[in-house]
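Presented below is the structure to which this report refers.
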There are 2 protein chains.
Amino acid sequence: MQKVTMADVAKLANVSKSTVSQYLNKRYEYMSEETRRRIAGAIEQLQYRPNVIARSLKQKSTATIGVIVFNILHMLTTQVLRAIEDMCQQHDFHVIVCNTDDDPEKEKKYIDMLWAKQVDGFIIFPTGKNVDLYKRMIEARLPVVFVDRTVEGIDVDAVLLDNERAVQLGMHYLIEQGYKHIGLVAPPFAPHVIPRTERINAFRYALREANLPIKEEWIITEQVKHISGRLDALLQRNKLPEAIFAINDLTLMEVLTFVKRRQLTIPHDIALISIDDVPFASIYTPSLTTIAQPAFEMGEKATERLFMQMGGEISPQMFRLAPKLIERDSAKKRGDKGE
Amino acid sequence: MQKVTMADVAKLANVSKSTVSQYLNKRYEYMSEETRRRIAGAIEQLQYRPNVIARSLKQKSTATIGVIVFNILHMLTTQVLRAIEDMCQQHDFHVIVCNTDDDPEKEKKYIDMLWAKQVDGFIIFPTGKNVDLYKRMIEARLPVVFVDRTVEGIDVDAVLLDNERAVQLGMHYLIEQGYKHIGLVAPPFAPHVIPRTERINAFRYALREANLPIKEEWIITEQVKHISGRLDALLQRNKLPEAIFAINDLTLMEVLTFVKRRQLTIPHDIALISIDDVPFASIYTPSLTTIAQPAFEMGEKATERLFMQMGGEISPQMFRLAPKLIERDSAKKRGDKGE
DNA sequence: TTTACTTACTAAATCGATTTAGTAAAGGAG
DNA sequence: CTCCTTTACTAAATCGATTTAGTAAGTAAA
């Protein structure tokens, strides 16, 4: 495979390894023009490529960060990842990506492996279940940033959506449009899944605040594959709410599946608003009103914090990034025809 | 940061570093039960984590592969990546992901950096413009697999969609459904972009084969942002084709934008079929008939070949994976109402 | 002429593992 | 009791860089 080492270059250029190393690290200060040229020539001639692993060993830095996500297939994840990669590219850093499928065992294994691999930092969408491990990372002063979720009792940088605000934005809009009977669809409640918990709580709060009824049968927190069935049941009993708030793209898809199967009309039969600005929102009929997560900014913020941590001790902070309501036609006022 | 080394473990366990190393590598053969326990205890007590970088230096393998893609935001890329990551996970390998934005400069930089970083192999969606570099990689016997595109004159493993077959599948279907006036939308023609070229050529071939007219104004190869404008122009002159073949998801989106803006009905006013099974295909109205790329299999095949290369010399091969037509309602026979 | 400083290098230690060659002790055969 | 094996280890070299301490030669000042 690769055989040319610094020693070979040194020999050919008739200098010591040290000098070659100085050259590579651009410490030209006390180096003659002549020597510099000879080394450059030797490198060119031998097609020498420094072995970064060897350097890493000595310098204790790998210019690599580990990013641990649930599932790269989720749009939010992909976008955050893209932002991270862009920023790393500017710093000549590399990104190792790991999928946990929200499985704490896999998460643990990945953290251990990346740690052993001496990555310079971690950006993690945490499962939330490896509390001891997270603590050990912090104690070891590893640079760590959490994204999307935080974990109670872990003092670490975290970049999250302002979920309360997101729900508020959507609910205020729906209420403003005149909807009073509003339901929610979400995956099953799980206390450690922060965004879910916060969104569901904020939903209840918004209804209470507006003095609207909280009907438990309209709060569907169910495995995604069962959601459209639950909606079917409501429809059969003629008990559909006027509007539905879908807390993410997956649940939105289920609602749309239901709507299509039952040949309902949005927003006439049922109005719809959701968190996550799906790529087809504007070409769907009717176009979908959504609450967009600032995915790129989340990635940028997380990376920025990580680099700050790598640059020196800073005290952990939690960042709540602002969602944005994108008004389209799926939740226009009752009686309106839409655009 | 991390300070515990093998020497510390050795000292605490009262054995030599060599013995600790044997233990870590599970070469227990001539090791007493007692020693084993002492080492295990010391490791536990010191919370020792082996430094993989040091091991890599000696063993000349990093258990890491580099994946270089145009843009992780593309669905195909994401899916291929997911498959790669899954397979690597099984082998305890890691994946470094790099975005080139289809820029040869960035590609070159990334390949150089990853090479220096001693990754054990590369999976590349090649820009196609760094021919010399690709050649040097092959000469250096680096394991390399190309995905999505190949490059003329480079003898390397490549995993591609069977583009001819994909177009044929779609075109036969359209023709079977009774469409005779068929147009195509694609990004601008570029000879090194294999899938594009092959699809456009196959489209012309399919028309010729069926004795249908090839009208150049219906073959729209245009920057994505200009596509819907071109369609507008055709509509104004009342010259729209009966059916449109969109060669990928991006162009499909443009057609859908146009259709929505002009309030046309699919498939009545215009039938539609596309390569790439977009996630909203089945919930769109009408549901969209698509030709799905076997993205996961592509990722799996690429990784499989990469591991084969890493296992020993094999001769390069090109793999053409089969697309799959998913019939829905956007291109049902003229006169039919759809489901 | 001596001392001091600058310039242009180099030798050797170091990073933290793996690995090879070797050794000491114990057990068994003759 | 010697010789050979087997067992259970260890010392030292190695991977390919970086880095520190040091040196030799040349120049300048006193």
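Protein chains get the first letters and strands the later ones, always in sequence-line order, with residue 1 at the start of each.
- Protein atom NZ of B:Lys117 is 17 Å distant from nucleotide atom C1' of D:dG16, rounded to whole Å.
- Other residues, nucleotides and ligands contribute at most 12 non-hydrogen atoms within 6.0 Å of the CD atom of A:Glu152.
- Under 4.0 angstrom from either OP1 or OP2 of C:dT10 there lies at least one side-chain N or O belonging to A:Thr19.
- Rounded to whole Å, atom C1' of D:dT19 lies 10 Å from atom CG of A:Asn25.
- Both tests hold for A:Arg36 against A:Tyr28: distance to the six-membered ring centre under 6.0 Å, angle to the ring axis within 45°.
- A:Asp92 pairs by the side-chain hydrogen bond (donor to acceptor under 3.5 Å, both in side chains) definition with B:Lys109, not counting sequence neighbours.
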Please list, for nucleotides 11-15 of chain D, all pairs of protein and nucleotide N/O atoms separated by less than 3.5 Å.
unit_1 : atom_1 : unit_2  : atom_2 : d
D:dA11 : N7     : B:Ser18 : OG     : 3.3
D:dA11 : N6     : B:Ser18 : OG     : 2.7
D:dT14 : O2     : B:Lys58 : NZ     : 3.2
D:dC15 : O3'    : B:Lys60 : NZ     : 3.2

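- Of the possible polar contacts, none joining the A:Gln118 side chain to the B:Ile53 backbone as a donor-acceptor pair under 3.5 Å is found.
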Can you give me the N/O atom pairs linking the protein to nucleotides 21-28 of chain D at distances under 3.5 Å, or say none if there are none?
none

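- Of the candidates D:dT19, C:dA17, C:dT19, the closest approach to any side-chain atom of B:Gln59 belongs to C:dT19.
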One pair to check against side-chain contact (heavy atoms from CB on, under 4.5 Å): B:Asn130 and B:Val151. What are the steps and the verdict?
CA-CA 9 Å; B:Asn130 284 308; B:Val151 180; over 6 Å; no
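- Ring geometry for B:Phe307 versus B:His91: interplanar angle under 30°, hence parallel rather than tilted (30 to 60°).
- For the pair A:Glu33 CD and C:dC9 C1', the interatomic distance rounds to 16 Å; values are reported in whole Å.
- With a 6.0 Å radius and a threshold of 12 heavy atoms from other residues, nucleotides or ligands, B:Arg136 has its CZ atom above the threshold.
- Atom P of nucleotide C:dC9 and atom CZ of A:Arg27 are separated by 15 Å, given to the nearest angstrom.
- A side-chain donor-acceptor contact under 3.5 Å links A:Lys117 and B:Thr64.
- Counting only distance, with no hydrogens or angles, the side chain of B:Gln309 and the backbone of B:Val144 share a donor-acceptor pair below 3.5 Å.
- Residue A:Thr5 has no polar side-chain atom (N or O) positioned under 4.0 Å from OP1 or OP2 of D:dG16.
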Taking only N/O atoms, report every protein-nucleotides 25-27 of chain C pair under 3.5 Å with atom names and distance.
none

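- Out of C:dA17, C:dT18, C:dA8, the shortest distance to the side chain of A:Ser32 is found at C:dA8.
- A:Asp102 pairs with exactly one of A:Lys129, A:Arg196, A:Arg149 by the salt bridge (Lys or Arg N to Asp or Glu O under 4.0 Å) rule, that one being A:Arg149.
- Counting any heavy atom pair closer than 4.0 Å across all strands shown, B:Thr35 reaches sugar-phosphate atoms only and no base atom.
- Comparing B:Val15 and A:Val52 against DNA chain D, the residue whose closest nucleotide sits nearer the 5' end is B:Val15.
- Remark: P of C:dG16 and OH of B:Tyr48 are 10 Å apart, rounded to the nearest angstrom.
- Under the 4.0 Å criterion applied to side-chain N and carboxylate O atoms, A:Lys301 and A:Glu304 are assigned as salt-bridge partners.
- B:Asp120 contributes no side-chain N or O that, together with a main-chain N or O of B:Ile65, makes up a donor-acceptor pair within less than 3.5 Å.
- Between A:Arg55 atom CZ and D:dT18 atom P there is a gap of 5 Å when expressed in whole angstrom units.
- For A:Ala302, the side-chain contact (heavy atoms from CB on, under 4.5 Å) partners two or more places apart in sequence, or in a different chain, are A:Ile123, A:Val145, A:Val147, A:Val159.
- For the pair B:Arg36 CZ and D:dT7 C1', the computed distance is 13 Å after rounding to whole Å.
- For A:Thr197 (side chain) and A:His192 (main-chain N/O), no donor-acceptor pair under 3.5 Å exists by modelled atom type.
- To the nearest angstrom, P of D:dG16 lies 14 Å from CG of A:Leu46.
- Note that the two end axes of the helix from C:dT1-D:dA30 to C:dG30-D:dC1 enclose an angle of 60°, each drawn from 5 base pairs, rounded to 10 degrees.
- A distance-only check finds no donor-acceptor pair linking the side chain of B:Asp101 to the backbone of B:Asp103 [under 3.5 Å].
- Across all strands, A:Met31 comes closer than 4.0 Å only to sugar-phosphate atoms, never to a base (heavy-atom distances).
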